[in-house]
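Here's the structure we're looking at; comments come further down.
Below, chains carry the letters A, B, ... as their sequence lines are ordered, and counting in each starts from 1.
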There are 2 protein chains.
Amino acid sequence: MASAPGKVTLFGEHAIVYGYPAIVTAIGRRVWVTAESRRDDAVVIAALDLRVPGVVVTYRGNDVIIGTDYGKTLSAVAYLRKAIEITSDYLGARGGVNLTVRSEMPVGAGLGTSAAVSVATIAAYSKVLGYELRRDEIAKLGWEVEKAVQGIASPMDTAIASFGGTIKIWKEGKEFVRRELDVSIEEPLIIGYVERQHTTAEMVKAVKNLKEKYEELVELIMKAIGRLTNEAERALLQGDVVRVGTLMNMNHGLLEALNVSTMKLSQIVYAARAAGALGAKLTGAGGGGAVIALASKDGAERVELAVKLHSSMTLRTTLGAPGVTTRTLEE
Amino acid sequence: MASAPGKVTLFGEHAIVYGYPAIVTAIGRRVWVTAESRRDDAVVIAALDLRVPGVVVTYRGNDVIIGTDYGKTLSAVAYLRKAIEITSDYLGARGGVNLTVRSEMPVGAGLGTSAAVSVATIAAYSKVLGYELRRDEIAKLGWEVEKAVQGIASPMDTAIASFGGTIKIWKEGKEFVRRELDVSIEEPLIIGYVERQHTTAEMVKAVKNLKEKYEELVELIMKAIGRLTNEAERALLQGDVVRVGTLMNMNHGLLEALNVSTMKLSQIVYAARAAGALGAKLTGAGGGGAVIALASKDGAERVELAVKLHSSMTLRTTLGAPGVTTRTLEE
C-alpha cells in the first residue's frame with residue numbers, strides 16, 4: 001500500500017509562469033493505493049471514493065463506473081492506467097494487479113489529487129513488482145504520467161506528492177529548481193472550494209493576455225509577487241504565522257490585480273478573515289476553485305464554519321505533510 | 001451664488017503619499033452657497049441639507065442644529081465659518097452675510113464635500129464683497145480653510161473643487177504639481193458608500209506601518225500603482241473606457257494588496273462588475289467609504305441597482321464636471 005499527499009500553493013501562483021518562485025505545501029489529505037498481485041496479467045482498478053466535487057459519482061464492483069460526471073471520473077482513472085504503463089516501461093517488468101484507490105480529497109479541486117494518485121500508484125505497483133524506487137524517480141515518473149494524460153503539466157504537483165513537506169520551486173531556463181523548506185507550522189489550514197468557471201489553462205491564458213496589454217504594469221505585479229514569495233519563505237522558516245498570514249492577504253490582493261479572483265472566492269477570503277483567520281487567499285489559478293485560510297490553533301472552528309457558509313466543499317487540514325510512503329500489508 | 005463640485009479619486013490613492021501620481025475627477029454633484037449681504041456685521045449660516053450619511057440631521061431656523069451626530073454637522077459648518085474668516089483676512093475686507101448652503105452630496109463620504117463647501121463659500125462671499133477671485137486664489141484659500149479646520153489636508157480636494165475637470169496630481173519635493181487632463185468621457189459613474197470603520201488618517205497610518213514591515217514589497221506595489229496611473233492617464237485621454245475600466249479593476253486589486261479594502265467594499269465592487277460595469281474600485285483611503293463603478297452608457301441602471309443593494313447610499317453622476325462658478329442673483 002502506498003499513499004501520497006495532496007498540495008496547495010501557498011504563494012506565487014501565476015508568477016511562477018514568468019520565472020518567479022512559488023511555495024507549495026503538501027497537505028494532510030492523502031490518496032491511498034493498495035496494489036495486490038494477481039495470477040493473471042490483468043489490471044483491475046477499484047476507485048472507491050474519487051469524488052468529483054459537487055457531483056455524485058458511484059462506483060460499483062471492480063471497474064464499473066456510474067456517475068453524473070462520467071468524463072471527469074474516467075479521467076481520474078486514466079492516471080492509474082497510465083501510471084501502470086509508464087512504471088512497467090521504466091522497470092522493464094510488468095504484472096497483473098488489483099488496485100484499490102481511496103482518496104481523502106476530491107478530484108478536480110486543484111489540490112493535486114491526480115498527481116497524488118499517479119505517485120501513489122507508481123509506488124504501490126513498483127513495490128508489488130519487488131522494486132523500491134527512490135522519491136526522485138517516483139516524482140519524475142509521476143510527472144510523465146501527468147504529461148501523458150493532460151498533454152501539459154507542471155512538475156510541481158508530482159514533486160510535492162513525492163517529497164512532501166513544503167518546497168520553493170522556480171524555473172531556471174527550461175528547468176524547474178526545487179528547494180525544500182524546513183517549515184514546522186502546526187496551525188490548521190482551512191480549504192474552501194467553489195466550482196470553477198474556467199480551467200487553469202484559460203486562466204493562465206487570460207493573465208498572458210493581460211500582460212500583453214499592460215506589459216510593464218503586469219511585470220511589476222509579477223515582480224511584487226516574486227518579492228512577496230521570498231518574504232514568505234523567510235516567514236515560513238521562522239514560523240512567524242502572523243507574517244505568513246499578512247503575506248497571504250497581500251498575495252490575494254495581487255492576484256485580484258491580475259483579475260483572476262471571483263466574487264465567490266473573494267467572499268470566502270473575507271469571511272475567513274472576519275472569522276479571525278491569520279490570512280486567506282485564493283490558491284491555484286483562480287476563476288473559481290480553492291481558497292486557503294490559515295487559522296490560529298484555537299481558531300479553526302470559527303474559520304472553518306465561515307468558509308463552509310460560502311463554499312461548496314470545505315476541508316480542514318495541516319501543511320507540510322509527509323510525501324509518498326509505502327508499506328507492505330500482510331495477508 | 002457660487003457652486004463647486006465634489007470629487008472622487010479615479011486612480012492612485014495611497015501611492016500619492018509616496019511620490020506617485022493620482023488622478024482625481026470632479027463629479028456632477030455640487031455644493032451651492034448663496035451669500036446675501038446684511039446691514040449688520042453678523043454671519044448667519046443656514047446649512048439646509050448638509051447630510052451626514054446614515055445619520056439624520058435636521059436644521060431649523062438659521063443656525064440651530066439638531067441632529068444625532070452633532071459633532072459631524074458642526075464640523076461641516078466649521079468650514080463655512082473658517083472660509084469667511086480666511087477670505088476676509090485675504091481681502092482685507094469684511095461684511096455681514098446670510099449664507100445658505102445646499103449640498104447634493106453627503107458630508108464625510110470622501111467626496112470632497114468639505115472642500116466644495118469651502119471653495120463655494122469663498123467664491124460667494126468674496127463676490128458679495130465686490131471681489132472676483134481667480135480660481136488658483138480660491139483653491140489656495142480653500143486649502144488653508146481645510147488645513148485650519150482639519151489640522152492637516154491635501155490640496156487635491158480644493159484644487160479639483162476650484163478647477164473642475166480631471167487632474168493628475170503628484171508631489172515634487174514638498175510641492176504638489178497639477179496637470180489638467182483633457183478627458184471627455186460621458187459614461188456614467190456610480191458611487192456606492194458604506195460607513196467607514198476607520199478615518200483617512202488611520203488608513204494612511206496602516207499603510208505606513210505595512211510599508212515599515214514589508215519595505216521593498218510595498219514599494220513595489222506603490223510603483224505598480226504609479227505605473228498603472230500613468231497607463232490610466234493615457235486611456236482617459238484616448239477616451240478608451242474599456243481600458244479605463246480594466247485599470248480600475250487592477251487598481252482595486254493593488255489596494256487589496258495594501259489591505260485597505262473591506263468585505264463590504266469588495267462586495268460592492270464585485271456586484272458592480274457582475275452587473276456589467278466596465279470597472280469598479282474602492283476610492284479614497286478605504287476601510288469603508290466609497291466605491292466607484294464606471295458603467296457603459298446604457299448599463300447605468302443595472303450597475304446602480306447592484307451597487308444600491310450593497311451600499312447605504314448610492315449616487316449616479318458623471319466625471320469631469322466644471323469647477324467653481326459664481327453668478328449674481330437679482331432680487
Side-chain angles (χ1 to χ4, degrees), chain A residues 11 20 206-207 209-211 213-232 234-235 240 242-243 245-275 279-282 286 306 310, chain B residues 11 20 206-207 209-211 213-232 234-235 240 242-243 245-275 279-282 286 306 310:
Chain A
F11 297 97
Y20 296 97
V207 171
N209 288 343
L210 195 72
K211 190 156 184 291
K213 282 186 191 137
Y214 305 95
E215 182 68 36
E216 287 177 60
L217 172 56
V218 172
E219 181 51 42
L220 270 173
I221 296 171
M222 294 302 178
K223 198 174 169 185
I225 296 176
R227 177 76 222 170
L228 186 147
T229 302
N230 288 333
E231 285 279 352
R234 276 191 288 280
D240 187 341
V242 172
R243 261 179 109 85
T246 302
L247 289 163
M248 286 170 70
N249 290 343
M250 295 176 78
N251 197 163
H252 180 77
L254 292 168
L255 290 164
E256 291 263 357
L258 294 175
N259 288 347
V260 299
S261 187
T262 66
M263 186 186 286
K264 283 190 179 174
L265 293 178
S266 172
Q267 274 171 353
I268 305 175
V269 162
Y270 272 107
R273 290 178 192 167
K281 67 184 276 288
L282 74 85
H310 297 274
Chain B
F11 297 98
Y20 296 98
V207 172
N209 288 343
L210 195 72
K211 190 154 184 292
K213 281 185 192 139
Y214 307 94
E215 182 68 35
E216 287 177 60
L217 171 57
V218 172
E219 182 51 42
L220 270 174
I221 296 170
M222 294 301 178
K223 197 174 169 184
I225 297 176
R227 176 77 221 169
L228 185 147
T229 302
N230 289 332
E231 286 279 352
R234 275 191 289 280
D240 187 340
V242 171
R243 263 179 108 84
T246 302
L247 289 163
M248 285 170 71
N249 291 343
M250 294 176 78
N251 197 163
H252 181 76
L254 292 168
L255 289 164
E256 291 263 357
L258 294 175
N259 288 347
V260 299
S261 187
T262 66
M263 184 186 286
K264 284 189 178 174
L265 294 178
S266 172
Q267 275 171 353
I268 305 175
V269 162
Y270 273 107
R273 291 178 192 167
K281 67 184 276 290
L282 75 85
H310 296 275

Between CG of A:Leu220 and CE of B:Met222, what distance do you get to the nearest 0.5 Å? 13.5 Å

Nearest 0.5 Å, what's the OG-CG distance between B:Ser261 and A:Asn249? 11.5 Å

Kindly write out the residues that satisfy salt bridge (Lys or Arg N to Asp or Glu O under 4.0 Å) with A:Lys264, not counting sequence neighbours, or none if the list is empty. none

Test of understanding: with salt bridge (Lys or Arg N to Asp or Glu O under 4.0 Å), list the residues that count as partners of B:Lys223, not counting sequence neighbours. none

What residue in [options] has the most heavy-atom pairs under 4.5 Å with chain A?
{"options": "B:Leu258, B:Leu247, B:Val269", "value": "B:Leu247"}
{"options": "B:Gln267, B:Arg243, B:Glu219", "value": "B:Arg243"}
{"options": "B:Glu256, B:Glu231, B:His252", "value": "B:Glu256"}

What part of B:Asn259 gets closer than 4.5 Å to chain A, counting heavy atoms only: side chain, backbone, both or neither? side chain

Interface moiety of B:Leu210 toward chain A, non-hydrogen atoms closer than 4.5 Å: side chain

Would you mind reporting whether A:Ile221 and B:Leu254 have side-chain heavy atoms less than 4.5 Å apart? yes

Quick one: does A:Lys213's side chain get under 4.5 Å of B:Thr246's, heavy atoms only? no

Within a 6.0 Å radius of atom CD on B:Glu215, are there more than 12 heavy atoms belonging to other residues, nucleotides or ligands? yes

Taking all non-hydrogen atoms of both residues into account, name the closest pair between B:Ala274 and A:Met263 and its distance. CB-CE, 3.8 Å

Is A:Thr262 close to chain B through its backbone or its side chain, or both, or neither, when contacts mean heavy atoms under 4.5 Å? backbone

